[in-house]
Amino acid sequence: MADGRSPAPGWLVDQHGRRKRKLRLSLTDRCNLRCAYCMPQNPVWLPRKDVLDIDELLAVARLFVTELGITHIRLTGGEPTLRGGLDQLVLGLQPLRALGLQRLSMTTNGTRLRPLARLLRESGLDDLNISIDARDPALFRKLTRGSIEPVLDGIAAAKEAGLPFKLNAVVIRDYNDGEIAALADWAFAQQLTLRFIEFMPLDNQQQWSRERVVTEPEILARLSHYALEKIPRSGADPATEYLLDGRHRLGIITTVSNPFCGSCDRVRLTATGEIFPCLFSQKGVSLRDALRRGDNDARLAALIRDAVWHKDRGFAAPGGYVERLVSMHHLGG
Ligand code: SAM
Ligand code: SF4
């Protein structure tokens, strides 16, 4: 087992010496959008009994924080706001702050923030990433097969609730690369931070091709009407950050053209409780089965340590399409 290999007890470390601080917790595979780069048009949802329930999610989160030194948790999916009991989960995670949890975040498509933003803020959520790949309604529909209106309303609701957020946009050549400047101009006019994400070779439909990836220099070229200043990289943040015209913050996540695997500090848990040390891992290790057969915390922690210890060095994305037994909406982006 990996126990005893860690440089410090209580840390989660892989064989390449990278300590894990961030846990991505997928709450559901379900979604009310069908983004072409993430979800099949007619997805088959996981049976509910296979998905971790709220008590199980709380138990694993507690284990990751108290036994394994995780300091940041991000709730994701699928669409996490579709998960019943989300506010109860956020509330239930609050005692972990006294035990090492520093930040509790969520990535969302924004469509359900109007009814939920204030409740989530009051329950103790720290911040959000809201995905919006185009400002043009027709283009947004083409990419997500949904309407942009609830997302714009959700963004307004997050602002009103005082819930801090960043905007995320996946860029795909010949889909929304013509929208880069318009999206940036719109975001910056409202003093919002925007991050562009390179299209990763994980889409279930296998539409990915290297030609569709719009790289950092190309994105910057579309923003030449701004004065650009690179911000020195801090910690393990995957985004290269820029200050535009001395005041607007822009991030670019270059998973394909310039991977940041060397400093990766993340581990992922799917909606069904499988540990995926990397987005590109071929298969996961089931924590749910061990949890449901009643393994104690020490055994569960050892299982996680071992799965994470064997994490690959990474750099899978530049190679091309990655075949996995799990798709993005199930694993959690
Ligand atoms: N439903 C939420 C949302 O869309 O923000 C959370 C889950 S989604 C899988 C998390 C993030 O993964 C989103 O920002 C989405 O744009 C991104 N994503 C999904 N498939 C991707 C792909 N093939 N390449 C790059 N990013 C992708
Ligand atoms: Fe749903 Fe998010 Fe995937 Fe889009 S990226 S289909 S919103 S889970």
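Everything quoted here is computed from the prediction, not taken from an experiment. One-based numbering, in listed order, for ligands and for the atoms of each.
Ring planes of Y37 and F199: perpendicular class, angle over 60° (limits at 30 and 60°).
Proximity to N109 (heavy-atom distance under 4.0 Å) selects the following atoms of ligand 1: 2 (C), 3 (C), 5 (O). Below 4.0 Å from some heavy atom of M39 lie the following atoms of ligand 2, by number and element: 6 (S). Close contacts between ligand 2 and G78 involve ligand atoms 8 (S) [criterion: under 4.0 Å to a heavy atom]. The atoms of ligand 1 that sit less than 4.0 Å from any heavy atom of G77 are 7 (C), 9 (C). Taking every non-hydrogen atom of F199 and a distance limit under 4.0 Å, the qualifying atoms of ligand 1 come out as 23 (N), 24 (N). Near E198, meaning under 4.0 Å from any of its heavy atoms, are these atoms of ligand 1: 25 (C). Numbered from 1 in the order shown, with element, the atoms of ligand 1 that lie under 4.0 Å from a heavy atom of T76 read 6 (C), 7 (C).
Shown here are the side-chain contact (heavy atoms from CB on, under 4.5 Å) partners of P164, two or more places apart in sequence or in another chain: R121, D127.
Taking only non-hydrogen atoms, the option from I172, V170, T107, T81 nearest to atom 17 (C) of ligand 1 is V170. Taking only non-hydrogen atoms, the option from G78, S131, C38 nearest to atom 6 (C) of ligand 1 is G78.
Of the polar atoms of E79, at least one N or O is found under 3.5 Å from an N or O of ligand 1, judged by distance alone. Residue contacts with ligand 1: Y37 is placed with a nitrogen or oxygen under 3.5 Å of a nitrogen or oxygen of the ligand (distance criterion only). For ligand 1, the polar-atom distance check against T108 finds a nitrogen or oxygen pair separated by under 3.5 Å. Backbone and side-chain nitrogen or oxygen atoms of M200 are examined, and one is located within less than 3.5 angstrom of a nitrogen or oxygen of ligand 1.
Atom 4 (Fe) of ligand 2 has C35 among its coordinating residues (N/O/S atom, backbone or side chain, under 2.8 Å). Note on C38: not counted as a metal contact of atom 1 (Fe) of ligand 2, no N/O/S atom lying under 2.8 Å.
Comment: D265 does not engage R21 in a salt bridge, judged by the lack of any side-chain N to carboxylate O separation of less than 4.0 angstrom. Residues R305 and E67 are not paired through a salt bridge, judged by the lack of any N-O separation under 4.0 Å between the basic side chain and the carboxylate. Using a cutoff of 4.0 Å between basic side-chain nitrogens and carboxylate oxygens, E179 and R135 are not scored as salt-bridged.
No continuous path of hydrophobic side-chain contacts links L82 to L119 [ILVMFWY only; heavy atoms under 4.5 Å]. I54 and L269 fall within the same hydrophobic cluster, where Ile, Leu, Val, Met, Phe, Trp and Tyr residues are linked whenever their side-chain heavy atoms come under 4.5 Å apart, directly or through other members. V214 and L244 fall within a single hydrophobic cluster, where Ile, Leu, Val, Met, Phe, Trp and Tyr are joined by side-chain heavy atoms under 4.5 Å apart, directly or via other members.
L23 contributes atom CG, which lies 11.0 Å from atom OG1 of T76 (distance to the nearest 0.5 angstrom). Here the CG-CD distance, from L57 to Q88, works out to 13.0 Å after rounding to the nearest 0.5 Å.
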